[in-house]
Structures are given as structure tokens and as C-alpha cells.
Amino acid sequence: MAKAQPITIGEMHFRKKGDALVHLKEMLNKYNLEEQVSEELDDTFLRNALTRHPKAQEKIGVGVKHFFVRRSDHGTRCFWVRRYDDSVISFSYKNCV
């Protein structure tokens, strides 16, 4: 059995990566489709998580205006970034962990 790997995202510390994934999934599911991520703590957490994404620079682009929830090209719910130039791009929260 693999040893649990603790992870820190921003100011939040998780005992194992799976706990961080659960937190992100719960956050994703608390917002309706097309709803902007409105809670300051959620927005801050997502900004910190996105910096961990393997393609963070590509996803962030000219800068994150805000996050929202929308269906992905595969039909599943996912987080999207609206950049300051009003372009949008999706990202997998799983890739941030």
C-alpha cells in the first residue's frame, strides 16, 4: 500500500492528496453550471491550486479574472478560468493535485 502523501495548497494543509481532491470536488459541486466561484476562500484556493497545474502558464494566460463552473468538452463538470482578456479555458482540478 502506498504511503499517504501530505499536500499543501495555499494555506490549506491536507493529510493526503485524496483529501485535497475531495475538497476540490465538493467545491466544484456546490456551484451551479455557469455560476461564478463567488466565495473569497474558494477563489483564493483555486488560484493557488491552478499554479500547481502542469500547464499553469497556459491556463492563466494574461491573468485570472475569475473562475466559474461549466461542462467540459467531455460533458463532465469542471472549473473554467475567465481571463482578463475575456478568453476562457477549462482545467482539471485533478491535475492541480
Side-chain angles (χ1 to χ4, degrees):
M1 179 186 259
K3 183 179 176 187
Q5 293 180 308
I7 184 172
T8 299
I9 300 175
E11 300 294 319
M12 293 191 70
H13 307 286
F14 300 93
R15 237 178 18 87
K16 57 187 180 193
K17 289 182 176 184
D19 294 341
L21 290 170
V22 167
H23 179 78
L24 282 157
K25 185 174 183 176
E26 288 174 353
M27 184 187 305
L28 177 66
N29 288 318
K30 84 178 188 180
Y31 291 96
N32 294 317
L33 291 175
E34 300 301 322
E35 184 178 3
Q36 182 176 324
V37 173
S38 56
E39 291 186 30
E40 186 176 339
L41 290 175
D42 290 348
D43 181 85
T44 300
F45 184 79
L46 282 177
R47 287 173 190 272
N48 288 318
L50 186 56
T51 64
R52 299 175 52 87
H53 194 286
K55 296 182 179 178
Q57 292 293 3
E58 175 187 331
K59 302 294 182 177
I60 294 167
V62 297
V64 176
K65 190 177 199 179
H66 64 263
F67 297 97
F68 64 101
V69 175
R70 176 180 281 174
R71 294 223 181 266
S72 72
D73 297 338
H74 307 291
T76 57
R77 295 169 60 95
C78 71
F79 289 112
W80 287 71
V81 174
R82 180 167 308 279
R83 301 181 187 120
Y84 283 111
D85 64 1
D86 281 328
S87 63
V88 297
I89 192 167
S90 64
F91 71 97
S92 168
Y93 68 83
K94 293 176 183 177
N95 288 338
C96 297
V97 176

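Residue indices begin at 1 and follow the sequence shown.
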Roughly how far, to the nearest 0.5 Å, is the [atom2] atom of [Y] from the [atom1] atom of [X]?
| X | Y | atom1 | atom2 | result |
| --- | --- | --- | --- | --- |
| Ser92 | His74 | OG | NE2 | 9.5 Å |
| Glu34 | Trp80 | CD | CH2 | 9.0 Å |
| Arg77 | Asn29 | CZ | CG | 5.0 Å |
| Gln57 | Thr51 | CD | OG1 | 10.0 Å |
| Phe79 | Leu50 | CZ | CG | 11.0 Å |
| Arg52 | Cys96 | CZ | SG | 8.5 Å |

Run the side-chain donor-acceptor check on residues 7-28: report pairs under 3.5 Å with partners two or more places apart or on a different chain.
| from | atom 1 | to | atom 2 | distance (Å) |
| --- | --- | --- | --- | --- |
| Thr8 | OG1 | His13 | ND1 | 2.8 |
| Lys17 | NZ | Gln5 | OE1 | 3.3 |

Check your understanding: Side chains of Arg83 and Val81: does their closest heavy-atom pair fall under 4.5 Å?
Key -> yes

Practice item. Determine whether Ile89 and Lys59 make a side-chain contact, defined as any pair of heavy atoms from C-beta on separated by less than 4.5 Å. Key: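 The answer is yes; the side chains approach within 4.5 Å.
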
Review point. Taking all non-hydrogen atoms of both residues, which atom of Gln36 and which atom of Phe68 are closest, and how far apart?
Key: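 What the structure gives for the nearest pair is CA-CB, 3.8 Å.
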
Review point. Do Leu33 and Phe67 belong together in a cluster built from hydrophobic side chains that touch within less than 4.5 Å?
Key: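 Per the 4.5 Å side-chain linkage, Leu33 and Phe67 are co-clustered.
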
Check your understanding: Linking I/L/V/M/F/W/Y whenever their side-chain heavy atoms sit closer than 4.5 Å, directly or via other members, would Val97 and Val37 fall into one cluster?
Key -> yes

In residues 41-48, what donor-acceptor pairs under 3.5 Å come from side-chain atoms, sequence neighbours left out?
| from | atom 1 | to | atom 2 | distance (Å) |
| --- | --- | --- | --- | --- |
| Asp42 | OD2 | Lys30 | NZ | 2.9 |
| Asp42 | OD2 | Tyr31 | OH | 2.6 |
| Asp43 | OD2 | Arg47 | NE | 2.6 |
| Thr44 | OG1 | Glu40 | O | 3.0 |
| Arg47 | NH1 | Val64 | O | 3.1 |
| Arg47 | NH2 | Val64 | O | 3.4 |
| Arg47 | NH2 | Lys65 | O | 3.3 |
| Asn48 | ND2 | Thr44 | O | 3.2 |

Practice item. With sequence neighbours left out, write down each residue that passes side chain to side chain donor-acceptor pair (under 3.5 Å) with Asp73, or none if nothing qualifies. Key: none

